[in-house]
Amino acid sequence: MAENPEEPEVEEEYISRYKSVEDLPGVGPATAEKLKKLGYTTVEALATASIKELTQVLGEKTANAIVTEARKQLISVPFMRADEYLKFRSTVERITTGCRGLDMLLGGGVETQAITEFYGEFGTGKSQICHQLCVNVQLPRERGGLEGGALYIDTEHTFRPERIAQIAKNLNLDPKKALSRVIYAEALTSDHQMYLLDHAASQMSEHNIRLIIVDSLIAHFRSEFIGREMLAERQQKLERHLHKLMKLARAYNAAAVVTNQVMAKPDAFFTDAVGPTGGHILAHISHTRIFLRKSPTPHVRIAKLVVSPSLPEGSECPFKITEKGIEDVEVRERK
Ligand code: GTP
Ligand code: MG
C-alpha cells in the first residue's frame, strides 16, 4: 500500500470480500484448487454459489460447510468506519464509454461494483453503448479500460459480433482477439436468463470478466408476466436477478450494465416522459440510471443522468453513433 499521508491507513481485512478462497477456514490447498477449477476464486463468489454446483467437485457436507462459512464471512463485517468504507470504495474502477461527455456525466465512466442502467425508446443507442463498452473494457487502463473481458447476455438477439470487430479495429485492437474476449450467451426466456447469471461465476474468473451486460434486462419478464396479477411475481424474480447481478459485480469488481426499453409518450416525443412499460421497475434498486433520447440531428442522441447515488442528477450530454462507435458531438455539430 502506498505511504500516502492523505490516505487513511486501513487494514486489509476490510476488503475481506476479495479474500481468496484459501483464506476461508476449512479450505485447504486441494479444496481450493478444486474450487478454482469450478471458477470460484473469491469468498464472495463462493457465498453466492449453489451447493449443488459445488458437489461436482466436493462432497455435499463439505460444500454445504464452505458456502455457509463464506456467507458468514461476508455478513460478519456489516459495520465499518467511514474511512474504511472510503478505502473499500477505492477499489471501484471505471470503464470509458468512448465519449468524454458521457464519461463526465458518469463521473469518469461506467463504475464497477454497481449497476448502470441505460433506458430509452427503440433506436436510442442502448445496445450500441453495450457493444462499445465490451471493447472498451479490454483497453489498457491508461486508455480507460480494465484489461478485462465482457460477458454479454442478449435477450433480443441484437448482439452483433461484426460491430465488436469494427469498434475494436477503430481502437487499434486486434478484432479477432477482441471478439474472443467477449463471452456471449443468448437468454431464451426469463428463467433461462436467470439461469445464465446464476452460472456465470466460472466464466467470470476464467475469462477475467470485468463487465457484465444484460441487454435487455426486462424484455422477457415483460412479455411473460402480463397483467396486474402477475406483477408481484415478476418483481420478485427481477429483484432476485438484480441481486445476483450486484453480487457478481462486487465479487469480481466488474461493472454491470443493463438496458431497458421504454416507450416515449407520443405527445412528448422529445422529452423524457415515458410510458408505463417499465420506467419505474428498477426504481427502488440503488443504481445509476441514464435516460437516452433521440435528437433532431441524425445519429445524435442525448443522455441524461436521471438517478445517481453520488452525482448531480439532471445533467445532460449529447453523443453520436457513427461507424467508429460511440463518439463525442463537437460543439459546432450541436443544435
Ligand atoms: P432497441 O433495442 O430497439 O430498444 O434500441 P437500442 O436503443 O438498443 O438501439 P441500438 O443501440 O441498437 O441502435 C441505435 C442506433 O445506432 C440505430 O438506430 C442506428 O442508427 C445506429 N447503429 C446501429 N448499428 C450501427 C452500426 O453498425 N453502425 C452505425 N454507424 N450505426 C449503427
Ligand atoms: Mg437494443
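Since we're looking at a predicted model, the values are computed, not measured. Counting convention: from 1, in listed order, for ligands and their atoms alike.
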Q) Cation-pi between Lys294 and Phe122: NZ/CZ under 6.0 Å from ring centre and within 45° of the ring axis? A)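 So Lys294 does make the cation-pi contact.
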Q.
Both conditions, 6.0 Å and 45 degrees, for the charged tip of Arg210 above the ring of Tyr252: are they met here?
A.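 Because its charged atom misses either the 6.0 Å distance or the 45° angle limit, Arg210 does not stack over Tyr252.
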Q) Salt bridge or not for Arg141 and Glu93, using N-O below 4.0 Å? A)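 Salt bridge between Arg141 and Glu93, a charged N being under 4.0 Å from a carboxylate O: yes.
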[X] and ligand 1 - part of the residue with a heavy-atom distance under 4.0 Å:
X	answer
Thr158	neither
Arg301	side chain
Gln261	side chain
Arg163	side chain
His299	neither

Q: Considering the heavy atoms of Thr322, write down every atom of ligand 1 situated less than 4.0 Å from one of them.
A: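 Near Thr322, meaning under 4.0 Å from one of its heavy atoms, ligand 1 has 29 (C), 30 (N).
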Q. Has Glu229 got more than 12 heavy atoms of other residues, nucleotides or ligands less than 6.0 Å from its CD?
A.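 Yes, enclosed.
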Q.
For the CE atom on Met104, are there more than 12 heavy atoms of other groups (residues, nucleotides or ligands in this structure) within a distance under 6.0 Å?
A.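 Open: at most 12 neighbouring heavy atoms sit under 6.0 Å from CE of Met104.
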(Q) Please say yes or no: joined through hydrophobic side-chain contacts below 4.5 Å, possibly via intermediate residues, are Ile218 and Met246 part of one cluster? (A)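 Looking at the clustering, Met246 is in the same group as Ile218.
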Nearest protein heavy atom to [atom], by residue and atom, and its distance?
atom	answer
atom 4 (O) of ligand 1	Lys126 NZ, 2.7 Å
atom 30 (N) of ligand 1	Glu323 OE2, 2.9 Å
atom 3 (O) of ligand 1	Phe122 CB, 3.5 Å
atom 13 (O) of ligand 1	Gln128 CG, 3.9 Å
atom 12 (O) of ligand 1	Ser127 CB, 3.7 Å
atom 5 (O) of ligand 1	Gly123 N, 2.8 Å

Q. Do any of the N, O or S atoms of Thr158 sit under 2.8 Å from the Mg ion (ligand 2)?
A.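 No - counting backbone and side chain alike, Thr158 has no N, O or S atom under 2.8 Å.
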Q | Check: Val258 and Ile115 side chains under 4.5 Å, non-hydrogen atoms | A |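 Side chain of Ile115 against side chain of Val258, heavy atoms only: contact under 4.5 Å found.
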Q | Test item: Asn136 side-chain N/O and Thr96 main-chain N/O as donor-acceptor pair under 3.5 Å | A |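 Checking the backbone N and O of Thr96 against the side chain of Asn136, a donor-acceptor pair under 3.5 Å is found.
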Q: May I ask you to decide if Asn64's main-chain N or O and Glu69's side chain share a donor-acceptor pair within less than 3.5 Å?
A: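 Side chain of Glu69 to backbone of Asn64, a donor-acceptor pair under 3.5 Å: no, none is there.
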Q) Short N/O distance, under 3.5 Å, between Gly120 and ligand 1? A)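 Between Gly120 and ligand 1, no N or O pair is found under 3.5 Å apart.
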Q. Under 3.5 Å, N or O to N or O, is Ile321 touching ligand 1 that way?
A.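 It does not: no N or O of Ile321 is found under 3.5 Å from an N or O of ligand 1.
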Q.
Can you tell me if His131 contacts ligand 1 (heavy atom of the residue under 4.0 Å from the ligand)?
A.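 Outside the 4.0 Å threshold, so no.
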Q: Return the orientation label for the Tyr184 and Tyr152 ring planes: parallel under 30°, perpendicular over 60°, tilted otherwise.
A: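 Ring orientation of Tyr184 relative to Tyr152: tilted.
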Q. With respect to Ile212, which candidate in Leu248, Val257, Ile183 satisfies the side chain to side chain contact (heavy atoms under 4.5 Å, CB included) definition?
A.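 Between Ile212 and the candidates, side chain to side chain contact (heavy atoms under 4.5 Å, CB included) is satisfied uniquely by Leu248.
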Q. For atom 19 (C) of ligand 1, is the nearest protein heavy atom closer than 4.0 Å?
A.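 Within 4.0 Å of atom 19 (C) of ligand 1, no protein heavy atoms are found.
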